[in-house]
**Student:** 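Have a look at this one before I ask anything.
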Amino acid sequence: MENKDLLTRLGGKPALKAAVEEFYDRLSKDERLEKFFEGVNMTALKAHQFQFMQTAFTKIPDDLNVPDVMAKAHKRLFEMGLNETHFDMVAGHLIGALQHLGVPQPLIDEAIGVVAPLRPVFEDNAISELR
């Protein structure tokens, strides 16, 4: 079982779809984050998030520069004031969504371990947008 990727251990694509739905339900209800979702096609955003997590929880291609992709994907949001504090809020909602769905804590910790290294992208780009 240990050689299975995180996505498989989480329950596969159906479990990931449920997690993305619960995650965005939580994000869209958070008043501290709502401005970032105004006018956004949530169906498309959820599809992008599903694809990102599917890749992140299986195998990230060696030639994919994830920090650059994240910086480009969030450029408009950085211009709106997105920063590492918001990243922490979003990560908290991911934890809450996974807990709500009954994901065991070791798998939640592993999932957060995959996304947590992206926090500096939000620190660096928030700072650069202030200059």
Side-chain angles (χ1 to χ4, degrees):
M1 181 129 173
E2 289 181 33
N3 61 350
K4 291 183 180 178
D5 60 51
L6 178 57
L7 178 62
T8 301
R9 289 179 285 126
L10 286 169
K13 290 180 183 179
L16 182 58
K17 182 173 180 358
V20 169
E21 288 295 327
E22 178 65 25
F23 178 51
Y24 275 93
D25 184 54
R26 290 167 178 263
L27 291 176
S28 66
K29 291 177 180 172
D30 188 329
E31 293 176 1
R32 302 167 300 173
L33 300 170
E34 66 186 1
K35 73 177 182 178
F36 299 115
F37 296 102
E38 290 174 4
V40 173
N41 178 333
M42 292 301 283
T43 301
L45 186 58
K46 288 176 187 179
H48 286 293
Q49 185 68 52
F50 179 90
Q51 290 299 323
F52 171 74
M53 288 181 159
Q54 181 178 326
T55 300
F57 295 165
T58 53
K59 170 123 176 51
I60 298 173
D62 292 334
D63 63 343
L64 182 63
N65 185 327
V66 178
D68 281 353
V69 169
M70 293 296 288
K72 288 174 186 168
H74 293 87
K75 181 173 179 12
R76 178 184 70 84
L77 303 178
F78 291 128
E79 292 169 355
M80 295 173 64
L82 187 72
N83 60 45
E84 67 275 10
T85 302
H86 300 109
F87 178 89
D88 296 343
M89 291 176 204
V90 169
H93 286 301
L94 177 58
I95 292 168
L98 295 173
Q99 288 172 335
H100 176 77
L101 295 170
V103 174
Q105 192 62 47
L107 294 181
I108 294 172
D109 294 345
E110 189 173 341
I112 295 303
V114 170
V115 298
L118 296 172
R119 189 177 192 275
V121 172
F122 293 79
E123 293 173 9
D124 296 345
N125 284 278
I127 292 168
S128 67
E129 289 298 330
L130 294 175
R131 290 185 194 143

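Basis for what follows: all heavy atoms, side chains included, without hydrogens, waters or symmetry-related copies.
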**Student:** Please report the shortest heavy-atom distance between Val103 and Leu10, naming the atom on each side.
**Tutor:**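 For Val103 and Leu10, the tightest heavy-atom pair comes out as CG1-CD2, 3.6 Å.
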
**Student:** Taking the side chain as every heavy atom from C-beta outward, state whether Asp25 and His100 have any atom pair closer than 4.5 Å.
**Tutor:** no

**Student:** Could you tell me whether the side chains of His74 and Asn125 share a donor-acceptor contact shorter than 3.5 Å?
**Tutor:**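 No, Asn125 and His74 have no side-chain donor paired with an acceptor closer than 3.5 Å.
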
**Student:** Rounded at 0.5 Å granularity, tell me how far CD in Gln54 sits from CG in Leu6.
**Tutor:**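 Taking CD in Gln54 and CG in Leu6, the distance rounds to 12.0 Å.
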
**Student:** Can you measure from CG (Leu118) to CD (Glu123) and round to the nearest 0.5 angstrom?
**Tutor:**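 Here the interatomic distance stands at 11.5 Å.
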
**Student:** Begin from the C-alpha positions of Gln49 and Leu27 and carry the test side-chain contact (heavy atoms from CB on, under 4.5 Å) through to its verdict.
**Tutor:** CA-CA 13 Å; Gln49 185 68 52; Leu27 291 176; over 6 Å; no

**Student:** Going through the distances and angles, do Asp88 and Arg119 end up as a side-chain contact (heavy atoms from CB on, under 4.5 Å)?
**Tutor:** CA-CA 8 Å; Asp88 296 343; Arg119 189 177 192 275; 2.7 Å; yes

**Student:** For a quick test of reading the model, state the closest non-hydrogen atom pair linking His86 to Leu82 and the distance between them.
**Tutor:**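 Reported closest heavy-atom pair: CB-CD1, 3.4 Å.
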
**Student:** What are the two closest non-hydrogen atoms of Val114 and Pro117, and how far apart are they?
**Tutor:** O-CD, 3.4 Å

**Student:** Mind listing the side-chain donor-acceptor pairs of residues 11-22 below 3.5 Å, one per line with the distance, residues two or more places apart or on another chain?
**Tutor:**
{"residue": "Glu21", "atom": "OE1", "partner": "Lys46", "partner atom": "NZ", "Å": "3.0"}
{"residue": "Glu22", "atom": "OE2", "partner": "Arg26", "partner atom": "NE", "Å": "2.8"}
{"residue": "Glu22", "atom": "OE2", "partner": "Arg26", "partner atom": "NH2", "Å": "3.3"}

**Student:** Please report the closest heavy-atom contact between Met70 and Phe78, naming both atoms and the distance.
**Tutor:** O-CE1, 4.4 Å

**Student:** If you apply the rule side-chain contact (heavy atoms from CB on, under 4.5 Å), what do you find for Ile108 with Gln99, and how did you get there?
**Tutor:** CA-CA 8 Å; Ile108 294 172; Gln99 288 172 335; 3.5 Å; yes

**Student:** Taking Lys35 for its side chain and Gly81 for its backbone only, find out whether a donor-acceptor pair lies under 3.5 Å.
**Tutor:**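 No, the answer is negative, given that no donor and acceptor are paired below the 3.5 Å cut-off.
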
**Student:** Any heavy-atom pair between the side chains of Val90 and Leu33 that's under 4.5 Å?
**Tutor:** yes

**Student:** Heavy atoms only: give me the nearest Lys4-Arg9 pair and the separation to one decimal.
**Tutor:** O-NE, 2.8 Å

**Student:** What pair of heavy atoms forms the shortest contact from Ala126 to Asn83, and how long is it?
**Tutor:** CB-CB, 3.4 Å

**Student:** Just verifying a value: how many Å separate His93 NE2 and Lys29 NZ, rounded to the nearest 0.5 Å?
**Tutor:** 11.0 Å

**Student:** With a 4.5 Å heavy-atom cut-off, do Phe37 and Leu45 have their side chains touching?
**Tutor:** yes

**Student:** Can you tell me how the ring of Phe122 sits relative to the ring of Phe87, calling it parallel under 30°, perpendicular over 60° and tilted otherwise?
**Tutor:** tilted

